[in-house]
*Asks:* 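Before I ask anything, here is the structure I am working with.
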Amino acid sequence: MNGGPAIHVRGLSVHAGGRAILKLDEFTVPPGELLGLLGLNGAGKSTLLRCLLGLQRHARGVVDVLGRPVHALPAFALCRLRQSIGYVPQVLSTHSELPLTTREVVAIGRTGRAGLFRRLQREDWRIVDEWLERLDLRAAARQGYAELSGGQQRKALIARAMSQQPELLLLDEPTANLDLGARERMVGCIQQLHEQTGVTIVLVCHELEVLPPACRRVALLEDGRLTATGAPEQVFDGARVASLYGAGLGVVHRGGRHAVLPAGGTR
């Protein structure tokens with residue numbers, strides 16, 4: 001890091017099908033923050049993540065990540081930058097035709113850091129095993145990744161990302177399609193991860209319930225534009241929740257957690 005913001009976006013626009021699907025005048029994430037990036041489906045959240053990774057075509061503007069101008073970097077330099085960015089995608093792919101164990105999946109992240117054509121050394125495997133332990137996956141290390149539950153698979157992907165020793169972690173809806181118990185365990189996992197490492201995290205979601213207490217600031221995207229940023233309690237008041245999610249809904253903020261409920265149940 002260069003001492004500046006982890007992410008600084010200026011004048012960013014992305015067009016597709018003749019219309020702007022993302023248009024941000026300015027967007028900044030300081031180092032060490034856990035930012036919640038929220039919005040309805042199609043608001044532009046995943047598009048923004050692709051811009052941060054240098055994967056989005058037809059993007060114009062300035063996107064600085066970890067002090068580097070993403071869209072101005074040659075391919076080799078962009079690959080080097082991505083080694084410092086952990087990314088956990090929304091869509092899970094089990095690749096059942098490739099029977100990898102959980103430990104081997106986590107080791108993929110270390111391979112990206114160490115170099116594609118370099119054999120992993122003892123220190124690399126130590127880091128892989130450390131993240132298996134820290135995310136409570138040690139017992140599943142030799143189990144096939146495709147055999148894991150959805151929650152365990154997402155933990156394995158977070159372990160894979162963290163084995164890179166990233167400066168920035170991008171989580172794209174890590175609780176999607178999880179049952180309530182698995183969702184809460186994932187929220188606790190993200191909270192603990194941030195407390196223990198201080199890594200900068202951008203957590204993409206569309207439900208307030210999945211924000212961990214460590215998330216002190218949120219950014220709201222609507223139709224590709226940043227419409228509000230601030231503490232969750234300030235951004236998601238009753239009026240905005242009703243506007244976004246429907247009349248008759250309210251919001252409860254308690255103990256650093258947040259929930260949308262029918263208006264009669266928010267007292």
*Asks:* Do His194 and Pro212 come within less than 4.5 Å of each other through their side chains, counting heavy atoms only?
*Replies:*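 His194 vs Pro212: side chains apart.
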
*Asks:* Show your reasoning for whether salt bridge (Lys or Arg N to Asp or Glu O under 4.0 Å) applies to Asp129 and Arg103.
*Replies:* CA-CA 8 Å; Asp129 291 335; Arg103 190 174 189 243; 2.8 Å; yes

*Asks:* Is any side-chain heavy atom of Leu78 closer than 4.5 Å to one of Val70?
*Replies:*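 Touching, per the 4.5 Å side-chain cut-off.
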
*Asks:* Salt bridge between Asp64 and Arg10, side-chain N to carboxylate O under 4.0 Å?
*Replies:*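 Yes.
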
*Asks:* Mark yes when over 12 heavy atoms from residues, nucleotides or ligands other than Asp223 sit less than 6.0 Å from its CG; otherwise mark no.
*Replies:*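 Open: at most 12 neighbouring heavy atoms sit under 6.0 Å from CG of Asp223.
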
*Asks:* I'd like to know if the side chain of Arg154 reaches the main chain of Ala176, judged simply by a donor and an acceptor atom lying under 3.5 Å from each other, with no hydrogens or angles considered.
*Replies:*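 Answer holds: yes.
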
*Asks:* Is there a donor-acceptor contact under 3.5 Å from the side chain of Arg160 to the main chain of Ile108?
*Replies:*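 No; judged by distance alone, with no hydrogens or angles, the pair does not exist.
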
*Asks:* Work out which heavy atom in Pro5 is nearest to a heavy atom in Thr28; give both atom names and the distance.
*Replies:*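 Scanning both residues completely, I find the closest heavy atoms to be CB-CG2, 3.6 Å.
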
*Asks:* What pair of heavy atoms forms the shortest contact from Pro166 to Ala161, and how long is it?
*Replies:*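 Smallest heavy-atom distance, with atoms named: CD-O, 3.4 Å.
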
*Asks:* Nearest 0.5 Å, what's the SG-CZ distance between Cys189 and Arg134?
*Replies:*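 With rounding to 0.5 Å, SG (Cys189) is 10.5 Å from CZ (Arg134).
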
*Asks:* Which value, rounded to the nearest 0.5 Å, describes the distance between Arg60 atom CZ and Leu12 atom CG?
*Replies:*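 Reported to 0.5 Å precision, the distance equals 11.5 Å.
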
*Asks:* Any non-hydrogen side-chain atom of Glu184 less than 4.5 Å from a side-chain atom of Met186?
*Replies:*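 Heavy-atom side-chain distance check fails, nothing below 4.5 Å.
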
*Asks:* Which atoms form the tightest heavy-atom contact between Cys215 and Pro232, and what is the distance?
*Replies:*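 For Cys215 and Pro232, the tightest heavy-atom pair comes out as O-CG, 3.8 Å.
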
*Asks:* Please check: side-chain N/O of Ser84 versus main-chain N/O of Glu167, any donor-acceptor pairing under 3.5 Å?
*Replies:*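 Looks like no, no N/O pair under 3.5 Å.
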
*Asks:* Could you pull out the closest heavy-atom pair between Ala156 and Val106, with the gap in Å?
*Replies:*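 Residues Ala156 and Val106, closest heavy atoms: O-CG2, 3.7 Å.
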
*Asks:* Ignoring hydrogens and angles, write down the donor-acceptor pairs under 3.5 Å from the side chains of residues 49-56, residues two or more places apart or on other chains.
*Replies:*
| from | atom 1 | to | atom 2 | distance (Å) |
| --- | --- | --- | --- | --- |
| Arg50 | NE | Gln56 | OE1 | 2.8 |
| Arg50 | NH2 | Thr47 | OG1 | 3.1 |
| Arg50 | NH2 | Gln56 | OE1 | 3.3 |

*Asks:* What closest approach, in Å, do Thr102 and Ala140 show between heavy atoms, and which atom pair accounts for it?
*Replies:*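 Shortest heavy-atom separation between Thr102 and Ala140 comes out as OG1-O, 2.9 Å.
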
*Asks:* Does the side chain of Val105 come within less than 4.5 Å of Gln153's, by heavy atoms?
*Replies:*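 Result no, sub-4.5 Å side-chain heavy-atom pair not found.
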
*Asks:* Main chain of Val218, side chain of Thr229: is a donor-acceptor contact present, judged purely on distance under 3.5 Å?
*Replies:*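 Yes, the answer is positive, given that a donor and an acceptor are paired below the 3.5 Å cut-off.
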
*Asks:* Hey, does Leu73 have a side-chain heavy atom less than 4.5 Å from the side chain of Arg80?
*Replies:*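 A side-chain contact under 4.5 Å is absent here.
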
*Asks:* Considering only heavy atoms from C-beta outward, does the side chain of Asp172 approach that of Tyr87 to under 4.5 Å?
*Replies:*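 They are in side-chain contact.
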
*Asks:* What distance do Arg138 atom CZ and Leu132 atom CG have between them, rounded to the nearest 0.5 Å?
*Replies:*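 Nearest 0.5 Å value for the CZ-CG distance: 6.5 Å.
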
*Asks:* Taking the side chain as everything from C-beta on, heavy atoms only, tell me whether Ile190 gets closer than 4.5 Å to Leu34.
*Replies:*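 Ile190 reaches Leu34 side chain to side chain.
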
*Asks:* List the steps and the verdict of side-chain contact (heavy atoms from CB on, under 4.5 Å) for Leu35 and Phe27.
*Replies:* CA-CA 11 Å; Leu35 175 81; Phe27 174 74; 3.5 Å; yes

*Asks:* Tell me which one of His253, Glu209, Glu207 satisfies side chain to side chain donor-acceptor pair (under 3.5 Å) with His258.
*Replies:*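 Answer to the side chain to side chain donor-acceptor pair (under 3.5 Å) test with His258 among His253, Glu209, Glu207: His253.
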
*Asks:* Hey, mind stepping through Leu244 and Phe236 against side-chain contact (heavy atoms from CB on, under 4.5 Å) and telling me if it holds?
*Replies:* CA-CA 10 Å; Leu244 283 172; Phe236 289 97; 3.7 Å; yes

*Asks:* Identify the heavy atoms of Val187 and Val210 that sit nearest to each other, and give their distance.
*Replies:*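 Minimum heavy-atom separation between Val187 and Val210: CG2-O, 3.6 Å.
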
*Asks:* Hey, is Arg185 close enough to Asp136 for a salt bridge, meaning N to O under 4.0 Å?
*Replies:*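 Salt bridge between Arg185 and Asp136, a charged N being under 4.0 Å from a carboxylate O: no.
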
*Asks:* Do you know which of Leu169, Leu171, Leu170 makes side-chain contact (heavy atoms from CB on, under 4.5 Å) with Val202?
*Replies:*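 The passing option is Leu170.
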
*Asks:* Do Glu130 and Glu133 have side chains that approach each other closer than 4.5 Å (heavy atoms only, starting at C-beta)?
*Replies:*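 No - every pair of side-chain heavy atoms lies 4.5 Å or more apart.
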
*Asks:* With distance as the sole test, does Arg257 use its side chain to make a donor-acceptor pair with the main-chain N or O of Leu211 at under 3.5 Å?
*Replies:*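 Yes: the side chain of Arg257 pairs with the backbone of Leu211.
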
*Asks:* Is the backbone N or O of Pro213 less than 3.5 Å from a side-chain atom of Arg216, with the two atoms forming a donor-acceptor pair by type?
*Replies:*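 Looks like yes, one N/O pair under 3.5 Å.
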
*Asks:* Tell me whether Gln83 contacts the main-chain N or O of Gln164 through its side chain, where contact means a donor paired with an acceptor under 3.5 Å.
*Replies:*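 No: the side chain of Gln83 does not pair with the backbone of Gln164.
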
*Asks:* When rounded to the nearest 0.5 angstrom, what distance separates CD in Gln196 from CE in Met162?
*Replies:*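 Gln196 CD to Met162 CE: 9.5 Å, rounded to 0.5 Å.
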
*Asks:* Roughly how far, to the nearest 0.5 Å, is the CG atom of Asp124 from the OG1 atom of Thr111?
*Replies:*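 Separation between the atoms: 8.0 Å.
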
*Asks:* Knowing that exactly one of Val65, Val29, Leu81, Ile201 qualifies, which makes a side-chain contact (heavy atoms from CB on, under 4.5 Å) with Leu168?
*Replies:*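 That would be Val65; it is the only one of Val65, Val29, Leu81, Ile201 passing the side-chain contact (heavy atoms from CB on, under 4.5 Å) with Leu168.
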
*Asks:* Is Asn177 atom CG crowded by more than 12 heavy atoms from other residues, nucleotides or ligands, each under 6.0 Å away?
*Replies:*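 For Asn177, atom CG is not crowded (no more than 12 foreign heavy atoms under 6.0 Å).
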
*Asks:* Got a second to check how far Arg68's CZ is from Ile85's CD1, nearest 0.5 Å?
*Replies:*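 Interatomic distance, Arg68 CZ to Ile85 CD1, rounded to 0.5 Å: 10.5 Å.
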
*Asks:* Shared ILVMFWY cluster between Val62 and Val9, side chains joined below 4.5 angstrom?
*Replies:*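 No, Val62 does not connect to Val9 through the hydrophobic network.
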
